[in-house]
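Beneath this line is the structure, given in structure tokens, with notes to follow.
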Amino acid sequence: MPEDKKLSIEKKLKNAVREQITLASQVVMEDFPPFDKSIVTGIDVHYSGSLAVGCATVVEVETLKAIQTVTLNREVQVDYIPGYLYLREGPIVLDLLKLLENTGPVLIDGNGVLHPRRMGLASYAGVVLNIQTIGVAKRIHVGIIGPRVDNYAPIHDDDEVIGMAVWLGKEKPVFVSVGNNITLSTSVRVVKDCAVRGYPEPLRIAHRTAKEIARNTQL
DNA sequence: GCGACAG
DNA sequence: ATCTTGTCGC
């Protein structure tokens, strides 16, 4: 990689760190405002070369069936850098959410405050739009997993609990964290209540949908 | 210096 | 995450 390119990336990351720290101070780790318990939304982004396909699926909690699905296709130029997923997926996630009237709590494929600066993608979307979000990651990015009790293991970083490993029936747990406007215990409950075969159904549908569209879309 | 590293 | 069909295994 050219040296000048490398310098411009470093400059962008420096600004991103400042933005993340500012936004992190605005995360609300309480159940506010009272959310619609009857629906829950999942968001995922799939890639095919430079094409990014984002999908948001609103699911009815009682039946776990999709009642609304929106997608966006976009050309993406930003590489993924660990700790800065929001630079790559933030814009499309925000635009997906703007297309929805009612979402209930929003599950996002990535982390909330389970992040080096407590500002993962889920918290980013939650703070910017002032909505209720939850981070659900398939792999851990930061923190130390404490002792498992039943199907839960707290994830610590420094002296605070910033997430929870949750076993939903498969060998591998999912890593749940507060996005915004919610407590960790409520986040875990929401994830459990919409899980099917070891994974939250809204995220599974969003992932499947985005993948299918990416596969059938010409660049 | 070395390894780890959401998607 | 992506490039990629069928295939080995729990």
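In this text, all values refer to a predicted model and were calculated from it rather than measured experimentally. All chains are named by letter (A, B, ...) in the order of the sequence lines, taking the proteins before the strands, and each is independently numbered beginning at 1.
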- Item | Between B/dA6 (C1') and A/Y124 (OH): distance, integer Å | 16 Å
- Message: Checking side-chain polar atoms at under 3.5 Å, does A/N216 have a donor or acceptor matched by the opposite partner on A/E212?
- Response: yes
- At under 4.0 Å between heavy atoms, what does A/I140 touch on the DNA or RNA strands: base, sugar-phosphate, or nothing? sugar-phosphate
- Closest to side chain of A/K138, choosing from B/dA6, C/dA1, C/dC3: C/dA1
- Counting only Watson-Crick and G-U wobble pairs with both atom distances below 3.5 Å, the stems of 3 or more consecutive pairs that include DNA chain C are none
- Selected nucleotide, minimal atom distance to A/D44 side chain, candidates B/dA6, C/dC3, B/dG7: B/dG7
- Task: Check the geometry between A/Y80 and B/dG7 and answer yes if their rings are stacked (centres below 5.5 Å, planes below 30°), otherwise no.
- Result: yes
- Ion pair present between A/D95 and A/R74, side-chain N to carboxylate O less than 4.0 angstrom? yes
- Distance check: side-chain N/O of A/R88 vs OP1/OP2 of B/dG7, anything under 4.0 Å? no
- Message: Expressed as a whole number of angstroms, how long is the span from A/D109:CG to B/dA6:P?
- Response: 12 Å
- Task: Please report, rounded to the nearest Å, how far the P atom of B/dC5 is from the CZ atom of A/F175.
- Result: 10 Å
- Task: For DNA chain B, produce a single dot-bracket line, 5' to 3'. Pairs: Watson-Crick or G-U wobble, both distances under 3.5 Å. Symbols: ( ) within strand, [ ] crossing, | other strand, . unpaired.
- Result: .......
- Is any side-chain nitrogen or oxygen of A/S177 closer than 4.0 Å to OP1 or OP2 of B/dA6? no
- For the pair A/K138 and A/D109, find out whether any cationic side-chain nitrogen is under 4.0 Å from an anionic carboxylate oxygen. yes
- Query: Is any side-chain heavy atom of A/L107 less than 4.5 Å from a side-chain heavy atom of A/V40?
  - Reply: yes
